[in-house]
Amino acid sequence: MLNFLQSLPSPIAQGIIWGIMAIGVYITYKILDLADLTVDGTLGTGGAVLVVLTTVHGMNIYLALLIAFVAGCLAGLVTGILHTKFGIPAILSGILVQLALYSVNLRIMSGRANTTISWRNYDLIVSSNMQQIWHTILVGVIFVVVIIAVLYWFFDTELGHSIRATGSNQAMAKANGINTDTRKIIGLVISNGLVAISGALLSQFSGSADINMGRGAIVIGLAAVIIGEVIFSKIFKNFALKLLSAVLGSVIYYIVISIVLKFGLDANDLKLFSAIVVALFLAVPYWKSKVAPKKVKGEVKNDA
(Lines give C-alpha, C1' and ligand atoms only; values in the text may rest on other atoms or scores of the structure.)
Protein backbone atom coordinates (compact mmCIF):
# COMPACT_ATOMS: atom_id res chain seq x y z
CA MET A 1 0.00 0.00 0.00
CA LEU A 2 2.82 2.36 0.91
CA ASN A 3 4.58 1.64 -2.38
CA PHE A 4 1.37 2.42 -4.27
CA LEU A 5 0.91 5.75 -2.47
CA GLN A 6 4.51 6.65 -3.22
CA SER A 7 3.98 5.90 -6.91
CA LEU A 8 0.65 7.80 -7.06
CA PRO A 9 2.12 11.19 -8.16
CA SER A 10 3.21 9.67 -11.50
CA PRO A 11 -0.28 8.60 -12.71
CA ILE A 12 -1.67 11.91 -11.41
CA ALA A 13 0.86 13.85 -13.48
CA GLN A 14 0.21 11.66 -16.52
CA GLY A 15 -3.54 12.02 -16.04
CA ILE A 16 -3.27 15.82 -15.97
CA ILE A 17 -1.24 15.86 -19.20
CA TRP A 18 -3.73 13.54 -20.91
CA GLY A 19 -6.47 15.71 -19.39
CA ILE A 20 -5.47 18.52 -21.76
CA MET A 21 -6.16 16.11 -24.62
CA ALA A 22 -9.47 15.20 -22.96
CA ILE A 23 -10.47 18.88 -23.03
CA GLY A 24 -9.86 18.83 -26.79
CA VAL A 25 -12.01 15.72 -27.13
CA TYR A 26 -14.70 17.38 -25.00
CA ILE A 27 -14.92 20.27 -27.48
CA THR A 28 -15.66 17.99 -30.45
CA TYR A 29 -17.60 15.23 -28.67
CA LYS A 30 -19.71 17.31 -26.30
CA ILE A 31 -19.85 20.82 -27.74
CA LEU A 32 -19.78 20.17 -31.50
CA ASP A 33 -21.37 16.70 -31.28
CA LEU A 34 -18.80 15.35 -33.74
CA ALA A 35 -16.83 12.11 -33.69
CA ASP A 36 -13.28 13.30 -34.48
CA LEU A 37 -10.65 10.57 -34.82
CA THR A 38 -7.94 13.00 -35.93
CA VAL A 39 -6.64 13.10 -32.35
CA ASP A 40 -4.89 9.72 -32.72
CA GLY A 41 -2.59 11.36 -35.26
CA THR A 42 -2.48 14.87 -33.80
CA LEU A 43 -1.15 13.67 -30.43
CA GLY A 44 1.85 12.17 -32.22
CA THR A 45 2.28 15.30 -34.33
CA GLY A 46 2.55 17.49 -31.25
CA GLY A 47 5.15 15.19 -29.74
CA ALA A 48 7.15 14.81 -32.95
CA VAL A 49 7.27 18.55 -33.66
CA LEU A 50 8.43 19.44 -30.16
CA VAL A 51 11.06 16.69 -29.95
CA VAL A 52 12.59 17.46 -33.33
CA LEU A 53 12.61 21.22 -32.84
CA THR A 54 14.24 20.99 -29.41
CA THR A 55 16.68 18.10 -29.87
CA VAL A 56 17.64 18.49 -33.53
CA HIS A 57 17.31 22.24 -34.07
CA GLY A 58 17.96 23.47 -30.52
CA MET A 59 14.85 25.64 -30.41
CA ASN A 60 13.53 27.12 -27.18
CA ILE A 61 11.09 24.58 -25.76
CA TYR A 62 8.28 27.11 -25.22
CA LEU A 63 8.51 28.28 -28.83
CA ALA A 64 8.58 24.63 -29.93
CA LEU A 65 5.44 24.02 -27.85
CA LEU A 66 3.70 26.92 -29.61
CA ILE A 67 4.67 25.52 -33.03
CA ALA A 68 3.39 22.09 -31.97
CA PHE A 69 0.06 23.75 -31.09
CA VAL A 70 -0.07 25.39 -34.54
CA ALA A 71 0.71 22.03 -36.21
CA GLY A 72 -2.22 20.48 -34.34
CA CYS A 73 -4.46 23.36 -35.40
CA LEU A 74 -3.51 22.76 -39.04
CA ALA A 75 -4.46 19.08 -38.71
CA GLY A 76 -7.84 20.11 -37.31
CA LEU A 77 -8.23 22.62 -40.14
CA VAL A 78 -7.72 19.89 -42.75
CA THR A 79 -10.27 17.66 -41.01
CA GLY A 80 -12.74 20.54 -40.88
CA ILE A 81 -12.30 21.37 -44.57
CA LEU A 82 -12.72 17.74 -45.62
CA HIS A 83 -15.90 17.53 -43.56
CA THR A 84 -17.52 20.86 -44.43
CA LYS A 85 -16.22 21.67 -47.92
CA PHE A 86 -15.97 18.17 -49.37
CA GLY A 87 -19.02 16.71 -47.67
CA ILE A 88 -17.11 13.82 -46.07
CA PRO A 89 -18.63 12.63 -42.77
CA ALA A 90 -16.70 13.88 -39.74
CA ILE A 91 -15.65 10.42 -38.59
CA LEU A 92 -14.25 9.54 -42.04
CA SER A 93 -12.53 12.93 -42.34
CA GLY A 94 -10.79 12.27 -39.04
CA ILE A 95 -9.72 8.80 -40.15
CA LEU A 96 -8.29 10.18 -43.41
CA VAL A 97 -6.30 12.91 -41.67
CA GLN A 98 -5.17 10.48 -38.96
CA LEU A 99 -3.89 8.14 -41.67
CA ALA A 100 -2.10 10.97 -43.48
CA LEU A 101 -0.51 12.16 -40.23
CA TYR A 102 1.23 8.83 -39.79
CA SER A 103 3.37 9.63 -42.85
CA VAL A 104 3.64 13.31 -41.88
CA ASN A 105 4.89 12.39 -38.40
CA LEU A 106 7.47 10.01 -39.89
CA ARG A 107 8.64 12.83 -42.16
CA ILE A 108 8.92 15.18 -39.19
CA MET A 109 11.02 12.59 -37.36
CA SER A 110 13.14 12.04 -40.49
CA GLY A 111 11.89 8.52 -41.06
CA ARG A 112 12.66 7.32 -37.52
CA ALA A 113 9.90 5.56 -35.60
CA ASN A 114 11.21 6.91 -32.31
CA THR A 115 12.96 10.13 -31.36
CA THR A 116 14.23 10.26 -27.81
CA ILE A 117 14.71 13.22 -25.50
CA SER A 118 17.23 12.96 -22.68
CA TRP A 119 15.83 15.10 -19.87
CA ARG A 120 19.32 15.35 -18.40
CA ASN A 121 20.46 17.40 -21.37
CA TYR A 122 17.43 19.62 -21.93
CA ASP A 123 15.43 21.99 -19.76
CA LEU A 124 12.01 20.38 -20.07
CA ILE A 125 8.68 21.81 -18.98
CA VAL A 126 7.58 18.47 -17.50
CA SER A 127 9.38 15.22 -16.70
CA SER A 128 8.63 11.74 -15.36
CA ASN A 129 11.75 11.94 -13.21
CA MET A 130 10.46 11.26 -9.68
CA GLN A 131 12.64 14.07 -8.31
CA GLN A 132 10.71 16.51 -10.52
CA ILE A 133 7.26 14.88 -10.44
CA TRP A 134 5.66 17.45 -8.13
CA HIS A 135 7.00 20.21 -10.35
CA THR A 136 5.42 18.39 -13.31
CA ILE A 137 2.07 18.21 -11.48
CA LEU A 138 2.24 21.93 -10.65
CA VAL A 139 3.08 22.84 -14.26
CA GLY A 140 0.29 20.59 -15.51
CA VAL A 141 -2.22 22.25 -13.18
CA ILE A 142 -1.11 25.69 -14.40
CA PHE A 143 -1.57 24.61 -18.03
CA VAL A 144 -5.03 23.21 -17.26
CA VAL A 145 -6.14 26.34 -15.36
CA VAL A 146 -4.93 28.68 -18.12
CA ILE A 147 -6.51 26.58 -20.89
CA ILE A 148 -9.85 26.30 -19.07
CA ALA A 149 -9.83 30.05 -18.30
CA VAL A 150 -9.16 30.93 -21.96
CA LEU A 151 -11.81 28.50 -23.22
CA TYR A 152 -14.32 29.74 -20.63
CA TRP A 153 -13.78 33.29 -21.88
CA PHE A 154 -13.82 32.26 -25.56
CA PHE A 155 -17.01 30.21 -25.40
CA ASP A 156 -18.74 33.08 -23.62
CA THR A 157 -18.11 35.37 -26.61
CA GLU A 158 -20.54 35.71 -29.51
CA LEU A 159 -18.34 33.42 -31.64
CA GLY A 160 -18.11 30.86 -28.85
CA HIS A 161 -21.86 30.86 -28.32
CA SER A 162 -22.37 30.33 -32.05
CA ILE A 163 -20.06 27.29 -31.94
CA ARG A 164 -22.05 25.87 -29.02
CA ALA A 165 -25.29 26.59 -30.86
CA THR A 166 -23.97 24.74 -33.92
CA GLY A 167 -23.32 21.63 -31.87
CA SER A 168 -26.58 21.92 -29.95
CA ASN A 169 -28.92 22.41 -32.92
CA GLN A 170 -27.33 22.89 -36.32
CA ALA A 171 -30.62 23.53 -38.15
CA MET A 172 -31.63 26.24 -35.69
CA ALA A 173 -28.15 27.78 -35.84
CA LYS A 174 -28.38 28.00 -39.64
CA ALA A 175 -31.85 29.54 -39.37
CA ASN A 176 -30.32 32.27 -37.20
CA GLY A 177 -27.73 33.11 -39.83
CA ILE A 178 -24.78 31.24 -38.30
CA ASN A 179 -22.23 29.82 -40.72
CA THR A 180 -22.14 26.36 -39.16
CA ASP A 181 -19.37 25.10 -41.45
CA THR A 182 -17.00 27.80 -40.24
CA ARG A 183 -17.94 27.11 -36.61
CA LYS A 184 -17.22 23.40 -37.01
CA ILE A 185 -13.82 24.17 -38.51
CA ILE A 186 -12.95 26.54 -35.66
CA GLY A 187 -13.98 23.94 -33.10
CA LEU A 188 -11.89 21.23 -34.77
CA VAL A 189 -8.90 23.58 -35.01
CA ILE A 190 -9.04 24.44 -31.29
CA SER A 191 -9.60 20.81 -30.30
CA ASN A 192 -6.65 19.42 -32.24
CA GLY A 193 -4.41 22.29 -31.15
CA LEU A 194 -5.02 21.28 -27.53
CA VAL A 195 -4.42 17.63 -28.37
CA ALA A 196 -1.06 18.58 -29.92
CA ILE A 197 -0.11 20.49 -26.74
CA SER A 198 -0.91 17.37 -24.76
CA GLY A 199 1.22 15.28 -27.13
CA ALA A 200 4.12 17.72 -26.82
CA LEU A 201 3.99 17.60 -23.02
CA LEU A 202 3.56 13.83 -23.06
CA SER A 203 6.67 13.41 -25.23
CA GLN A 204 8.64 15.27 -22.56
CA PHE A 205 7.06 13.28 -19.75
CA SER A 206 7.80 9.92 -21.38
CA GLY A 207 11.18 10.99 -22.74
CA SER A 208 10.40 10.30 -26.39
CA ALA A 209 8.08 10.86 -29.31
CA ASP A 210 6.95 7.62 -30.89
CA ILE A 211 5.09 7.21 -34.17
CA ASN A 212 2.47 5.10 -32.36
CA MET A 213 2.14 7.28 -29.26
CA GLY A 214 -1.30 8.51 -30.32
CA ARG A 215 -2.77 5.11 -31.14
CA GLY A 216 -5.95 4.68 -29.12
CA ALA A 217 -5.80 8.26 -27.82
CA ILE A 218 -9.45 8.85 -28.71
CA VAL A 219 -10.46 5.96 -26.43
CA ILE A 220 -8.54 7.46 -23.51
CA GLY A 221 -10.01 10.89 -24.26
CA LEU A 222 -13.55 9.53 -24.38
CA ALA A 223 -12.93 7.55 -21.19
CA ALA A 224 -11.80 10.72 -19.41
CA VAL A 225 -14.75 12.78 -20.67
CA ILE A 226 -17.33 10.11 -19.84
CA ILE A 227 -15.87 9.23 -16.42
CA GLY A 228 -15.78 12.91 -15.51
CA GLU A 229 -19.33 13.45 -16.71
CA VAL A 230 -20.77 10.41 -14.93
CA ILE A 231 -19.06 11.21 -11.61
CA PHE A 232 -19.28 15.01 -11.54
CA SER A 233 -22.28 15.95 -13.73
CA LYS A 234 -24.59 16.53 -10.75
CA ILE A 235 -22.23 18.93 -9.00
CA PHE A 236 -20.37 20.52 -11.95
CA LYS A 237 -22.93 22.70 -13.76
CA ASN A 238 -20.66 25.57 -14.80
CA PHE A 239 -18.99 25.28 -18.23
CA ALA A 240 -15.49 25.71 -16.78
CA LEU A 241 -16.18 22.98 -14.23
CA LYS A 242 -17.43 20.68 -16.99
CA LEU A 243 -14.08 21.13 -18.74
CA LEU A 244 -12.37 20.44 -15.42
CA SER A 245 -14.39 17.24 -15.04
CA ALA A 246 -12.73 15.90 -18.22
CA VAL A 247 -9.30 16.48 -16.64
CA LEU A 248 -10.37 14.88 -13.36
CA GLY A 249 -11.79 11.97 -15.36
CA SER A 250 -8.38 11.53 -16.98
CA VAL A 251 -6.63 11.56 -13.59
CA ILE A 252 -9.10 8.99 -12.22
CA TYR A 253 -8.60 6.85 -15.31
CA TYR A 254 -4.82 6.75 -14.88
CA ILE A 255 -5.09 6.06 -11.16
CA VAL A 256 -7.38 3.12 -11.96
CA ILE A 257 -4.91 1.95 -14.62
CA SER A 258 -2.13 2.13 -12.03
CA ILE A 259 -4.21 0.08 -9.58
CA VAL A 260 -5.09 -2.67 -12.07
CA LEU A 261 -1.45 -2.90 -13.17
CA LYS A 262 -0.48 -3.35 -9.51
CA PHE A 263 -2.95 -6.24 -9.38
CA GLY A 264 -1.16 -7.93 -12.26
CA LEU A 265 -3.02 -6.85 -15.41
CA ASP A 266 -0.89 -7.49 -18.47
CA ALA A 267 0.15 -4.18 -20.04
CA ASN A 268 -0.79 -5.64 -23.43
CA ASP A 269 -4.42 -5.74 -22.25
CA LEU A 270 -4.63 -2.02 -21.43
CA LYS A 271 -6.35 -1.12 -24.70
CA LEU A 272 -8.94 -3.84 -24.08
CA PHE A 273 -9.44 -2.58 -20.54
CA SER A 274 -9.84 1.00 -21.81
CA ALA A 275 -12.46 -0.09 -24.35
CA ILE A 276 -14.40 -1.94 -21.64
CA VAL A 277 -14.28 1.10 -19.33
CA VAL A 278 -15.56 3.42 -22.08
CA ALA A 279 -18.32 0.97 -23.02
CA LEU A 280 -19.49 0.64 -19.40
CA PHE A 281 -19.53 4.39 -18.75
CA LEU A 282 -21.27 5.05 -22.08
CA ALA A 283 -23.95 2.57 -21.02
CA VAL A 284 -24.56 4.24 -17.64
CA PRO A 285 -26.79 7.07 -18.98
CA TYR A 286 -28.80 4.51 -20.98
CA TRP A 287 -29.29 2.29 -17.95
CA LYS A 288 -30.31 5.29 -15.88
CA SER A 289 -32.92 6.27 -18.48
CA LYS A 290 -34.34 2.74 -18.35
CA VAL A 291 -34.46 2.59 -14.55
CA ALA A 292 -35.85 6.10 -13.95
CA PRO A 293 -39.26 5.56 -15.68
CA LYS A 294 -39.78 2.37 -13.69
CA LYS A 295 -39.18 4.24 -10.46
CA VAL A 296 -41.60 6.97 -11.48
CA LYS A 297 -44.29 4.40 -12.34
CA GLY A 298 -43.74 2.68 -8.98
CA GLU A 299 -44.10 5.97 -7.13
CA VAL A 300 -47.34 6.79 -9.01
CA LYS A 301 -48.84 3.40 -8.08
CA ASN A 302 -47.92 3.87 -4.43
CA ASP A 303 -49.51 7.34 -4.40
CA ALA A 304 -52.67 5.90 -5.93
Side-chain angles (χ1 to χ4, degrees), residues 14-25 27-29 35-57 59 61 63-80 82 91-119 122 124-128 140 143 188-224 250 253-254 267 270-271 274:
Q14 194 172 1
I16 292 172
I17 293 171
W18 278 94
I20 296 172
M21 188 272 294
I23 293 175
V25 173
I27 291 173
T28 51
Y29 179 65
D36 179 30
L37 299 184
T38 316
V39 297
D40 279 22
T42 312
L43 192 84
T45 301
V49 168
L50 182 127
V51 169
V52 170
L53 288 179
T54 53
T55 61
V56 178
H57 300 288
M59 184 177 290
I61 200 160
L63 180 57
L65 184 66
L66 177 61
I67 295 175
F69 169 74
V70 173
C73 290
L74 290 174
L77 176 64
V78 174
T79 300
L82 288 176
I91 190 168
L92 290 179
S93 298
I95 291 172
L96 289 172
V97 176
Q98 174 199 136
L99 183 65
L101 284 175
Y102 186 91
S103 296
V104 171
N105 294 344
L106 275 177
R107 285 282 186 179
I108 293 171
M109 294 188 288
S110 302
R112 292 171 291 178
N114 182 283
T115 303
T116 304
I117 296 176
S118 172
W119 52 262
Y122 296 91
L124 301 182
I125 303 171
V126 296
S127 172
S128 60
F143 266 87
L188 286 164
V189 165
I190 295 171
S191 171
N192 283 280
L194 292 175
V195 173
I197 288 178
S198 178
L201 294 175
L202 186 64
S203 68
Q204 297 171 58
F205 184 81
S206 62
S208 65
D210 188 273
I211 191 65
N212 294 313
M213 66 183 288
R215 182 170 294 176
I218 185 62
V219 176
I220 297 173
L222 286 173
S250 178
Y253 172 82
Y254 271 96
L270 280 179
K271 299 296 185 185
S274 301

Ser198 side chain to Leu194 main-chain N or O, any donor-acceptor pair under 3.5 Å? no
When rounded to the nearest 0.5 Å, the distance separating CD1 of Ile220 from OH of Tyr254 is 3.5 Å
Do you know the tightest heavy-atom contact between Leu37 and Gln98? O-NE2, 2.9 Å
For the residue pair Leu101 and Gly41, what are the closest heavy atoms and their distance? CD1-C, 3.5 Å
Which heavy atom of Phe69 sits nearest to which heavy atom of Ala196, and what is that distance? CA-CB, 4.3 Å
Quick check: closest heavy atoms across Thr45 and Ala71, and the distance to 0.1 Å? CG2-CB, 4.0 Å
Here the gap from Leu50 atom CG to Leu63 atom CG, rounded to the nearest 0.5 Å, amounts to 10.0 Å
List the steps and the verdict of side chain to side chain donor-acceptor pair (under 3.5 Å) for Asp210 and Ser208. CA-CA 6 Å; Asp210 188 273; Ser208 65; 6.0 Å; no
Separation of Ile218 CD1 from Met21 CE (nearest 0.5 Å): 7.0 Å
To the closest 0.5 Å, what do you measure between CG (Asn192) and OG1 (Thr38)? 5.0 Å
Atom pair CG (Leu43) and CG (Asn212), whose distance is rounded to the nearest 0.5 Å: 11.5 Å
Shortest non-hydrogen contact from Gly19 toward Ser250: N-OG, 3.3 Å
Measuring from Ile27:CD1 to Asp36:CG, what's the distance to the nearest 0.5 Å? 11.0 Å
Heavy-atom closest pair (Ala68 atom, Ala200 atom, distance to 0.1 Å) is CB-CB, 4.1 Å
Heavy-atom donor-acceptor pair, Asp40 side chain to Arg215 backbone, under 3.5 Å: no
Worked verdict on Val126 versus Phe143 for side chain to side chain contact (heavy atoms under 4.5 Å, CB included): CA-CA 11 Å; Val126 296; Phe143 266 87; 5.9 Å; no
Applying side chain to side chain contact (heavy atoms under 4.5 Å, CB included), run through Gln204 and Ile61 and close with a yes or a no. CA-CA 10 Å; Gln204 297 171 58; Ile61 200 160; 3.5 Å; yes
